[in-house]
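In what follows, a structure is listed as structure tokens, so that the remarks can point back to it.
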Amino acid sequence: MPQFFIKASDFDRDKAVIRDEDYHHLVNVRRVITGDVLRLRSEDGKGYTARITGIGKSEINLKIISETGLNPAIINISLYMALIKGGNFEFVIQKAVEVGVNRIIPIISSRTVPDPGKKIEEKHARWNKIIDGAAKQCFRSNMPEIDYPLPFPDIFGRDESAMKIIAHPGALTELHDYLSASDKPESVSIIIGPEGGFSDQEIHAASGKGWMPVNFGATHLRAETAAVILPSLLIYHWS
């Protein structure tokens, strides 16, 4: 059973309520009944187990059985991901949430192929829905965020992470060597390029603003693969 995120307003001491989409999913898809036990997660990240005490026409009533606490956070990761074609970007969103990324910022680089302005509100709503499902499925303590697409040059004026990495197959520094020589930071930002990679001008601009270009060694990864592997390696290295 996946967990469900509950707003502070839906808690009342040892009781809780589930409404809206989660209500319909539990009642119509999972066919829950009174007495079933669910996992809950509050807005402040605390986890709970709760038993269903009643199912109404628009809400599920629960009684809190126990508190399971917070899932430990290994490192705060922001992923700047270039928009890529087809369902690959949605794959990145889902898997990045599963491995532990806290924030996803779509970016528009010189070689970005998809049109970022086409049905953007509709896309953003779908991206949030993917994040919601992935966060519930993997028992996240928090609900990761996703921004609206951002032009590549705008990254540099807004990111304040302690460590800044840009993935680049032509970089002289290997990721393993860079991490081994670095202390564990409180936060890391990662930039992953589109299918055609970044231009030389973009790599130069990032380097000049304090971003470290790194490669993965012998292999050149697809954009969607790198977006999942790189955060995973960071979390594993500092876990």
Side-chain angles (χ1 to χ4, degrees), residues 2-5 41 43-45 47 70-109 112 114 116 123-150 152 154-156 158-168 175-176 178-179 182 184-195 198 206 210-216 221-239:
Q3 71 177 2
F4 295 85
F5 287 85
R41 184 71 63 177
E43 290 178 309
D44 60 4
L70 297 166
N71 288 336
I74 303 300
I75 190 169
N76 185 5
I77 299 178
S78 296
L79 174 63
Y80 290 84
M81 181 68 208
L83 291 169
I84 51 180
K85 293 183 289 186
N88 291 340
F89 189 77
E90 294 183 358
F91 170 87
V92 167
I93 293 172
Q94 182 186 61
K95 300 309 174 186
V97 171
E98 289 180 12
V99 301
V101 169
N102 286 321
R103 185 176 172 219
I104 302 168
I105 306 93
I107 59 172
I108 307 158
S109 68
T112 296
K123 289 178 181 178
H124 194 258
R126 176 165 173 75
W127 294 342
N128 272 300
K129 193 169 185 178
I130 292 169
I131 288 174
D132 180 79
K136 292 173 182 176
Q137 189 66 43
C138 64
F139 305 137
R140 289 284 303 249
S141 289
N142 66 325
M143 186 68 71
E145 301 174 357
I146 186 163
D147 292 8
Y148 284 90
L150 182 73
F152 182 83
D154 290 359
I155 295 172
F156 309 129
R158 59 182 289 167
D159 190 90
E160 298 179 353
S161 294
M163 177 179 285
K164 302 176 183 180
I165 296 171
I166 181 167
H168 177 48
L175 176 64
H176 176 270
Y178 181 63
L179 297 182
S182 303
K184 180 181 177 180
E186 292 186 3
S187 57
V188 179
S189 286
I190 306 164
I191 305 178
I192 305 291
E195 291 88 342
F198 291 114
W211 294 77
M212 173 59 70
V214 298
N215 69 67
F216 290 95
L221 303 178
R222 293 172 61 95
E224 64 270 24
T225 307
V228 179
I229 293 295
L230 184 47
S232 301
L233 290 174
L234 295 177
I235 291 169
Y236 176 78
H237 181 79
W238 279 306
S239 63

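For this chain, numbers begin at 1 and follow the sequence in order. Just the heavy atoms: all of them, side chains too, but no hydrogens, waters or symmetry mates, feed the values below.
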message: Testing the basics here: between I235 and V99, what is the closest heavy-atom pair and its distance to 0.1 Å?
response: CD1-O, 3.0 Å

field: Pairwise side-chain contact, L230 with F216, heavy-atom cut-off 4.5 Å (strictly under)
entry: yes

task: First locate atom OH of Y236, then atom CD1 of I75, and finally report the distance between them rounded to the nearest 0.5 Å.
output: 15.5 Å

task: Give, for atom CD of E160 and atom OG of S187, the distance between the pair rounded to the nearest 0.5 Å.
output: 9.0 Å

message: With rounding to the nearest 0.5 angstrom, report the CG to NZ distance, L179 to K184.
response: 12.5 Å

- prompt: Would D132 and K136 count as a salt bridge (Lys or Arg N to Asp or Glu O under 4.0 Å) if you check the C-alpha gap in whole Å, the side-chain angles of each, and the deciding distance to 0.1 Å?
  reply: CA-CA 6 Å; D132 180 79; K136 292 173 182 176; 2.7 Å; yes

field: CZ (F156) with more than 12 external heavy atoms under 6.0 Å
entry: yes

Exercise: identify the closest heavy-atom pair between A162 and E186: CB-N, 4.4 Å

- prompt: Would you call L234 and I190 a side-chain contact if the rule is heavy atoms closer than 4.5 Å?
  reply: yes

- request: State yes or no: are the ring centers of H168 and F198 separated by less than 6.0 Å?
  value: no

task: Quick one: do L175 and N215 satisfy side-chain contact (heavy atoms from CB on, under 4.5 Å)? Show the steps, please.
output: CA-CA 6 Å; L175 176 64; N215 69 67; over 6 Å; no

task: Go through the steps for N142 and F5 under the test side-chain contact (heavy atoms from CB on, under 4.5 Å), then give the verdict.
output: CA-CA 8 Å; N142 66 325; F5 287 85; 5.5 Å; no

Which residues share a side chain to side chain donor-acceptor pair (under 3.5 Å) with S78, sequence neighbours left out: none

message: List the residues meeting salt bridge (Lys or Arg N to Asp or Glu O under 4.0 Å) with D159, not counting sequence neighbours, and say none if there are none.
response: none

- prompt: How long is the gap from CE on M163 to OH on Y178, to the nearest 0.5 Å?
  reply: 4.0 Å

message: Nearest 0.5 angstrom please: R158 CZ to D154 CG, how far?
response: 8.0 Å

- prompt: Is a side-chain N or O of R140 found less than 3.5 angstrom from the main chain of V97, in a donor-acceptor match?
  reply: yes

message: Between L150 and I155, does the side-chain contact (heavy atoms from CB on, under 4.5 Å) criterion hold? Intermediate values first, please.
response: CA-CA 7 Å; L150 182 73; I155 295 172; 4.1 Å; yes

Side chain to side chain donor-acceptor pair (under 3.5 Å) against N76, all qualifying residues, sequence neighbours excluded: N102

- request: Check G47 against R41 and note the closest heavy-atom contact, atom names and distance.
  value: N-NH1, 3.2 Å

query: Within a strict 4.5 Å, meaning less than it, do heavy atoms of the I192 and I166 side chains meet?
result: no

message: Using the side chain to side chain donor-acceptor pair (under 3.5 Å) criterion, which residues pair with E90? Sequence neighbours excluded.
response: R126

query: Under 6.0 Å between the ring centres of F152 and Y80?
result: no

task: Please answer whether the main-chain N or O of S161 pairs with a side-chain N or O of S189 as donor and acceptor at a distance below 3.5 Å.
output: no

- line: One should read off an interatomic distance between I131 CD1 and I146 CD1, to the nearest 0.5 angstrom, of 4.5 Å

query: For A223, does its backbone N or O pair with a side-chain atom of E195 as donor and acceptor, under 3.5 Å?
result: no

task: Please name all residues satisfying side-chain contact (heavy atoms from CB on, under 4.5 Å) with T225, sequence neighbours left out, ordered by chain then number.
output: L221, R222, I229

message: Please evaluate residues V92 and L79 with respect to the criterion side-chain contact (heavy atoms from CB on, under 4.5 Å), reporting the C-alpha separation (whole Å), side-chain torsions for both, the decisive distance (0.1 Å), and the verdict.
response: CA-CA 10 Å; V92 167; L79 174 63; 4.0 Å; yes

field: Side-chain heavy-atom pair W211, I191 within 4.5 angstrom cut-off
entry: yes

query: Within a strict 4.5 Å, meaning less than it, do heavy atoms of the M81 and F89 side chains meet?
result: yes

message: Quick one, D147 and R103 - any side-chain contact, counting heavy atoms below 4.5 Å?
response: yes

query: Are I107 and L83 close enough that some pair of their side-chain heavy atoms sits under 4.5 Å apart?
result: no

task: State, yes or no, whether a side-chain contact exists between H124 and N128 at a heavy-atom distance under 4.5 Å.
output: yes

- line: Contacts of F91 meeting side-chain contact (heavy atoms from CB on, under 4.5 Å) (sequence neighbours excluded), chain-then-number -> K95, E224, V228

Over all atoms of both residues, closest heavy-atom pair of T112 and S109: OG1-N, 2.7 Å

